[in-house]
Colleague: 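Sharing a structure with you now.
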Number of protein chains: 2
Amino acid sequence: MKPRAASTQRRTRIQKENEQIILESALEVFSTNGFRGSTVDQIAKAAGMSKPNLLYYFRRKEDMHQALLDRLLTNWLAPLEEMDADGEPIEEICKYIRRKLQMAQEYPRESRLFANEILQGAPHIKQQLEGALRNLVDEKSGLIENWISRGKIAKCNPRHLIFSIWATTQHYADFDVQICAILAEEERIEMRFEDAAKMLEQLYVDGLKI
Amino acid sequence: MKPRAASTQRRTRIQKENEQIILESALEVFSTNGFRGSTVDQIAKAAGMSKPNLLYYFRRKEDMHQALLDRLLTNWLAPLEEMDADGEPIEEICKYIRRKLQMAQEYPRESRLFANEILQGAPHIKQQLEGALRNLVDEKSGLIENWISRGKIAKCNPRHLIFSIWATTQHYADFDVQICAILAEEERIEMRFEDAAKMLEQLYVDGLKI
DNA sequence: TTAAGATTTTTCCAACTGGTAAAAATTTGT
DNA sequence: ACAAATTTTTACCAGTTGGAAAAATCTTAA
């Protein structure tokens, strides 16, 4: 018998294992080819199983993609959520940058999956962007504006400040090939994340202090 | 008779016209779906002609893609090339940011085409990245290092400085959907490029001045 | 005007696509 | 051990894909 929606029904050991393997493979494939550019066969091969067997666990290609995006979005919002209104403002922003940079380093495929989805018009997560993400950004923008009005950091547009942090940090995951092409043969390529952190901290500390 | 490689042979009026129309349509389709996610039929339909007719001008799907990338790379390097060693350093960097931001605004599809290509591992332009792009970045990094050693701007890693400018400016083209989702219902959404310019200039002016 | 060349349409195809159905094999609870 | 449930394999399909071949139509220079 076919398993039902993974969430409501209790799942067997094999089911849990294979779903993990499949999602891991799907992440690999989707993140490098985008949704439409990926085939179920590719994912099945990466997962070491036949296509019909894979489709026994995820009945549609879209189901895998959606499962990945759902899982991703929670982790994606976490670093910003941690930004603390009671912390030292500049330090809070630096900590946020470091967390984001660490995520780009540790989860580059997730970053690319997200980038692919957005690039292609966010057809599968537009409503989360307009909902959860927007609300979180609104909240943290208020927080930043409060820091500004209390004279803790320089006046600036909080949303664009957040955009610039997203851009600079995710860039190291999404554009990794380009960065490696440019830094190749430089001895500092292995330290690109430390160098990036240093550069960005300097930029934001000096750019935001009163 | 089939036309040969467009560059060497003289081309008719119709040929020139249709190649333009096709490349315009291909840009539209490739930039939103990526290479593998786009179909020749989609492009043909967008160009208002039949698939075999389109294939008369570009014998392979890849040829259109390559033609677009080739054309793109020249324009892509231009803004950085204009960075002038004899100019006022901070002002030169600000001008570079403004040019890049303007390109993101005027040519978002080109930016997305490029982003898609890089995201997917740059299979079609890796050698240009390691050649022309790398050389240009090397040259301009030297220039920036010179500014630093002459005490004109704060010490920083020139390559990562350039990366951060690429990231922040291209972000407004590549992640436009996300930005619009977040800024929606804000009255300032129409001014997002002006707001971005202001934010970024502040960041880089204060972040780089001695 | 007319023939050579350029362009477009029609017809086709083999490979690949996402997905189904059912049989076969395996695992599991008792 | 054994029946029930789960998992895997085999065989299949209709639609789409990139692309080739050739016939039909249109342009253009002499």
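Throughout, protein chains are lettered first and strands after them, A, B, ... in sequence-line order, and every chain is numbered starting at 1. What's counted below: heavy atoms across the whole structure, side chains too, no hydrogens, waters or symmetry copies.
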Colleague: Quick check: on DNA chain D, is the nucleotide nearest M49(A) upstream (toward 5') of the one nearest R36(A), or the reverse? Name the residue that is more 5'.
Modeller: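 Nearest-nucleotide comparison on DNA chain D picks M49(A).
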Colleague: Out of dG19(C), dT17(C), dG18(D), which nucleotide sits closest to the side chain of V40(B)?
Modeller: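 Nucleotide nearest to V40(B)'s side chain: dG18(D).
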Colleague: For a quick test of reading the model: is some side-chain N or O of Q15(A) closer than 4.0 Å to OP1 or OP2 of dT6(D)?
Modeller: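 Checking Q15(A) against dT6(D): no side-chain N or O falls below 4.0 Å of OP1 or OP2.
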Colleague: Hey, does S50(B) reach any base, or is it just sugar-phosphate, or nothing, if we go heavy atoms under 4.0 Å?
Modeller: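 Contact class for S50(B): base.
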Colleague: Would you kindly give the NZ-to-C1' distance between K51(A) and dC13(D), to the nearest whole Å?
Modeller: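 Rounding to the nearest Å, NZ of K51(A) and C1' of dC13(D) are 10 Å apart.
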Colleague: Testing the 3.5 Å rule here: is there a donor-acceptor pair between the side chains of Q66(A) and D70(A)?
Modeller: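 Checked: Q66(A)/D70(A) side chains pair up, N/O donor to acceptor below 3.5 Å.
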Colleague: Checking K45(B) side chain against K51(B) main chain: does a donor-acceptor pair fall under 3.5 Å?
Modeller: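 Side chain of K45(B) to backbone of K51(B): no pair is present.
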Colleague: To the nearest Å, give me how far apart CD (E17(B)) and C1' (dA6(C)) are.
Modeller: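 So the two atoms are 14 Å apart, to the nearest Å.
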Colleague: With a 3.5 Å cut-off and just heavy-atom distances, do the side chain of K61(A) and the base of dG19(C) make a donor-acceptor pair?
Modeller: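 No.
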Colleague: Angle class for the W76(B)/F114(B) ring planes (parallel below 30°, perpendicular above 60°, tilted otherwise)?
Modeller: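 Because their plane-to-plane angle lies in the 30° to 60° range, the rings of W76(B) and F114(B) count as tilted.
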Colleague: Starting from C1' on dG18(D), measure out to NE2 on H65(B) and report it in whole angstrom.
Modeller: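 It is 16 Å, rounded to the nearest whole Å.
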Colleague: Measuring to OP1 and OP2 of dT6(D), would you say a side-chain N or O of N18(A) lies under 4.0 angstrom away?
Modeller: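 No, N18(A) has no side-chain N/O under 4.0 Å of OP1/OP2 on dT6(D).
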Colleague: Can you tell me which nucleotide in dT7(C), dG19(C), dA21(D) comes closest to the side chain of P52(B)?
Modeller: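 Shortest atom-to-atom distance from the side chain points to dA21(D).
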Colleague: Find the distance N53(B):CG to dC26(D):P and express it as a whole number of Å.
Modeller: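 It works out to 13 Å between those atoms.
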Colleague: Any side-chain to backbone donor/acceptor pair from D63(A) onto F58(A)? Under 3.5 Å, distance only.
Modeller: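 Looks like no, no N/O pair under 3.5 Å.
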Colleague: Starting from P on dT9(C), measure out to CG on L55(B) and report it in whole angstrom.
Modeller: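 That distance rounds to 13 Å.
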Colleague: Please give, in whole Å, the distance from dA6(C) P to Y57(B) OH?
Modeller: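 Distance, rounded to whole Å: 11 Å.
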Colleague: Among the candidates dG18(C), dT7(D), dT8(C), find the nucleotide nearest to the side-chain atoms of Y56(A).
Modeller: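 It is dT7(D).
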Colleague: Indicate, with yes or no, if the rings of Y172(B) and H160(A) have centres closer together than 6.0 Å.
Modeller: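 Yes, ring centres under 6.0 Å apart.
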Colleague: Can you measure L54(B) atom CG to dT10(C) atom C1' for me and round it to whole angstrom units?
Modeller: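 The distance from CG of L54(B) to C1' of dT10(C) comes to 17 Å, rounded to the nearest Å.
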Colleague: Within this structure, what is the CG-to-P distance between D41(B) and dG15(D), rounded to whole angstrom?
Modeller: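 Roughly 16 Å, once rounded to whole Å.
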